[in-house]
Amino acid sequence: MSTEKILLLDGNSLAYRAFFALPLLTNEHGIHTNAVYGFTMMLQKIMDEENPTHMLVAFDAGKTTFRHSTFGDYKGGRQKTPPELSEQFPYIRKLIDAYGIKRYELEMYEADDIIGTLSKQADEKGQQVVIVSGDKDLTQLATDKTTVYITRKGITDIEKYTPEHVQEKYGLTPLQIIDMKGLMGDASDNIPGVPGVGEKTAIKLLKEHGSVEDLYKALDTVSGVKLKEKLIANEEQAIMSKALATIETAAPIQISIDDLSYTGPNMEEVIEVWKELAFKTLLEKSDYISEESETTEVAFEIVEKIDSTILDKVMSVHLEMYDGQYHTSELLGIALSDGEKGYFAPADIAFQSKDFCSWLENATNKKYLADSKATQAVSRKHNVNVHGVEFDLLLAAYIVNPAISSEDVAAIAKEFGYFNLLTNDSVYGKGAKKTAPEIEKIAEHAVRKARAIWDLKEKLEVKLEENEQYALYKEIELPLASILGTMESDGVLVDKQILVEMGHELNIKLRAIEQDIYALAGETFNINSPKQLGVILFEKIGLTPIKKTKTGYSTAADVLEKLASEHEIIEQILLYRQLGKLNSTYIEGLLKEIHEDDGKIHTRYQQALTSTGRLSSINPNLQNIPVRLEEGRKIRKAFVPSQPGWVMFAADYSQIELRVLAHMSKDENLVEAFNNDLDIHTKTAMDVFHVEQEAVTSDMRRAAKAVNFGIVYGISDYGLSQNLDITRKEAATFIENYLNSFPGVKGYMDDIVHDAKQTGYVTTILNRRRYLPEITSSNFNLRSFAERTAMNTPIQGSAADIIKKAMIDMAERLISENMQTKMLLQVHDELIFEAPPEEIAMLEKIVPEVMENAIKLIVPLKVDYAFGSSWYDTK
DNA sequence: TGCGTCACG
DNA sequence: ACGTACGTGACGCAA
């Protein structure tokens, strides 16, 4: 059997399809790009799916073809190709060449004929062929070995025509498609056919008679006087039409299948075309940044020590790690750049150089870094405290635009028009294929990064100044990076034994529940598979499906809770899920993250990731340790102070987001509520339900709380109705009552959305920005989402600003008070410390003081705190 | 790798 | 009419 797979594409037809399927896009030079883009998408998809060994794109050669000698008006009356499409053909050809795909055109013949001829040759050799076109005529070429793909509305949606599929669809063989065209004609090609005979009649006649020729031989048997007359009157025209519709399978082509072998794209050339056409999404998805990275040399040397002959007062430094998990990753080496020359010191000598270590520690030596937190954390492992950080590329880029959330220097640089370096993925590979190349490659890669940091510093600082964000960057994010680095390096001690014992108990319970569930279901299955569970619940047991997901029945907790009264298995499943989550994520997951050397967990805070300005925590995530349910909360017993006799001390902001909302909206009612330190949910219930404080029931307060959440999230009646399990109308009434009671909030929400539409972005108290390009979209969903984001981001982001400022003030205060207390964790609105008992009294004073005064709002900030012998006990 | 689910603020 | 609450990360399953 042949392993060859031949892909034949109809270039003209596909370009037309792409052109009309996509809106007119242009690049910055005003060249239209939609057809090229659509063509590219289709090409990528089809190559991904088919893995062809041979490929050809066939084009029509010119206006006149051999068919015109049969019928002068062939394709007559057809609209001229729009100039917006014509101008794109050169780019399509260029792209095909860059992909390394053969293309071919032949005087007097159409693309169809080239494809027909080649597919016939392949077919005869028993080779597998796939034909791709937007023109259904080509389905006549389908055989056992040849499948014809026809694009369906859009460009990447494809219908596959095998002879069987043609049969199903028309009741005809592929070759009879020609006869059908002969009878019914084809308006788009100006093929006349027999007037008055359409698709249905044509198919019916062919089913009975087989072909146009046989039909005319047996005209007597055709029923219907009119039809017979029409057929007789147009016999010649029918024969001619059939000939016109027949694809030539013996065109005098000068190429053969063997010439079409496909060995893969020249990505540099492809990228070049993409860049020319500004295909941003495709460029982003590709690992290749630019061919410039291949051409522009960066001068550097690999050194055997870093000493004063290299070091200068100002340099960019980059610690090249094997991966982003710098707490455990291997250091590969250190790159330095002075803006002209680069140096690379392999890992084994880098921190061995005394000159270099003291250079790092001396604040008068200014360093430009890509990621100061990582640099400081890794240096600290080598007992070096880095000072004099003057620039942090990662943070600067993130402040300019938080949508730039990549950690990859190349990806960041690209955003600012700097292409002279490669992504980590393209140097090391990704996934299972990841491996370190030879040291010279690593050195060059790292030096390019160091150079990029140097070259981008000024540009980014100018941007920050323009946006009035320099203070946010330099006075908040940059100092915070050092603090977070210290928190990460210090880590938090976790009592392994506590987790192990909880794990044992959980496993026993889980096994028992599992057996109960199997007994109730009457069979064993994988409870963790939503798919299998759905079958058991909704098909075997016959419960009523309430909600669906893309892939089947929803078995989410809120759905199951509604079914709990229908069958006792539900309760067991919910319990199984709850305990299973604890076991897999929080027992087994956390145990895996405990470092053997110190028994601690060292999370990593991602400081340049979220679109709102919050931090995130990974490997492991310590910002989502269970607290709401007692069983889960017990996990916190394992988080203990790192020194005997010390305590955990936790402080959290009370209602910080609603206080921020009060500040920003200046709503009098809300401001007054916080000035009087009211219970805000009770106060909201009073206003929404028009009752006195004494009359507020717990249900009313719960509803009011949900309304407050809704306000912060960017309210929608549907969302609230889902959350409270009430009708949309009731939810709408709640919202209306709320906005009438807090008119300043309504005004603020309207203004913020309006402003975002004008400027394209929203800002926080410290001038953090988030761009919302979709807020002017004509797509309702995209626009609505952007509008809710516009309402939520200033609130969530300002709260993030406040706690970040508090962390900086707190770290300073601990030093100035000469305290041993360590800040360990941040969980969005709370800070967790460990402290010697003699410092508790001081903490009780300074922690609330510092946090409450981090940033002055027009309402007071309020902080609650607690301490105890584990995180669990800080309540 | 994407999806569903669920933990947190 | 449209179909959604905002922001995250980790796990197991099923392609």
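Protein chains get the first letters and strands the later ones, always in sequence-line order, with residue 1 at the start of each.
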>> Between B:dC6 and C:dA5, how far apart are the two P atoms, rounded to whole Å?
In response: 15 Å
> Say you pick atom P in C:dT4 and the same atom in B:dG4; how far apart are they, in whole Å?
Replying inline: 12 Å
>> Holding to side chain to side chain contact (heavy atoms under 4.5 Å, CB included), I want the full list of residues that pass it with A:Asn621, two or more places apart in sequence or in another chain.
In response: A:Ser617, A:Gln623, A:Asn624
> Using a cut-off of 4.0 Å on non-hydrogen atoms, how would the nucleic acid contact of A:Asn723 be classed: base, sugar-phosphate, or nothing?
Replying inline: base
> With A:Glu630, which of A:Lys634, A:Arg633, A:Arg628 fulfils salt bridge (charged side-chain N to carboxylate O under 4.0 Å, His left out)?
Replying inline: A:Lys634
> Where does the angle between the aromatic ring planes of A:His595 and A:His327 fall among parallel (under 30°), tilted (30 to 60°) and perpendicular (over 60°)?
Replying inline: perpendicular
>> If I compare all heavy atoms of A:Ala800 with all of A:Gly613, which pair ends up nearest, and what's the gap?
In response: CB-O, 3.6 Å
>> Using a strict heavy-atom distance below 4.0 Å, which residues from residues 623-633 of chain A are in contact with DNA chain B?
In response: A:Gln623, A:Asn624, A:Ile625, A:Pro626, A:Val627, A:Arg628
>> Applying a 4.0 Å non-hydrogen cut-off, can you work out what A:Ser716 is touching in the nucleic acid: base, sugar-phosphate, or nothing?
In response: base
>> At 4.0 Å (heavy atoms only), tell me whether A:Gly714 reaches a base, stays on the sugar-phosphate, or touches nothing.
In response: nothing
>> Going 5' to 3' along DNA chain B, which are the first and last nucleotides with any atom under 4.0 Å from a heavy atom of chain A?
In response: B:dC3 to B:dG9
> Where the side chain of A:Glu571 meets the backbone of A:Ala564, is there a donor-acceptor pair that is under 3.5 Å apart?
Replying inline: no
>> If we count only N and O atoms by modelled type, under 3.5 Å, do the side chains of A:Arg769 and A:Thr759 hold a donor and an acceptor together?
In response: no
>> Determine whether a donor-acceptor pair (N or O, by modelled atom type, separation under 3.5 Å) exists between the side chain of A:Tyr761 and the backbone of A:Ala756.
In response: no
> What pairs of residues pass the side chain to side chain donor-acceptor pair (under 3.5 Å) test when at least one of them lies in residues 799-809 of chain A, not counting sequence neighbours?
Replying inline: A:Glu477-A:Lys804, A:Thr764-A:Asp801, A:Arg768-A:Asp801, A:Lys805-A:Asp809
> Could you write out DNA chain C as a dot-bracket string, with dots for unpaired bases, | for bases paired across to another strand, and Watson-Crick or G-U pairs counted at under 3.5 Å?
Replying inline: .....|||||||||.
> Just checking A:Gln606: base, sugar-phosphate only, or nothing, at a heavy-atom cut-off of under 4.0 Å?
Replying inline: sugar-phosphate
>> I'd like the 5' and 3' limits of the part of DNA chain C contacted by chain A, with heavy-atom contacts below 4.0 Å.
In response: C:dC2 to C:dA15
> Counting distance only, does the side-chain N/O of A:Asp873 pair as donor-acceptor with the main-chain N or O of A:Ser870 below 3.5 Å?
Replying inline: yes
> Under 4.0 angstrom, heavy atoms only, what part of the nucleic acid is A:Ala557 near: base, sugar-phosphate, or nothing?
Replying inline: sugar-phosphate
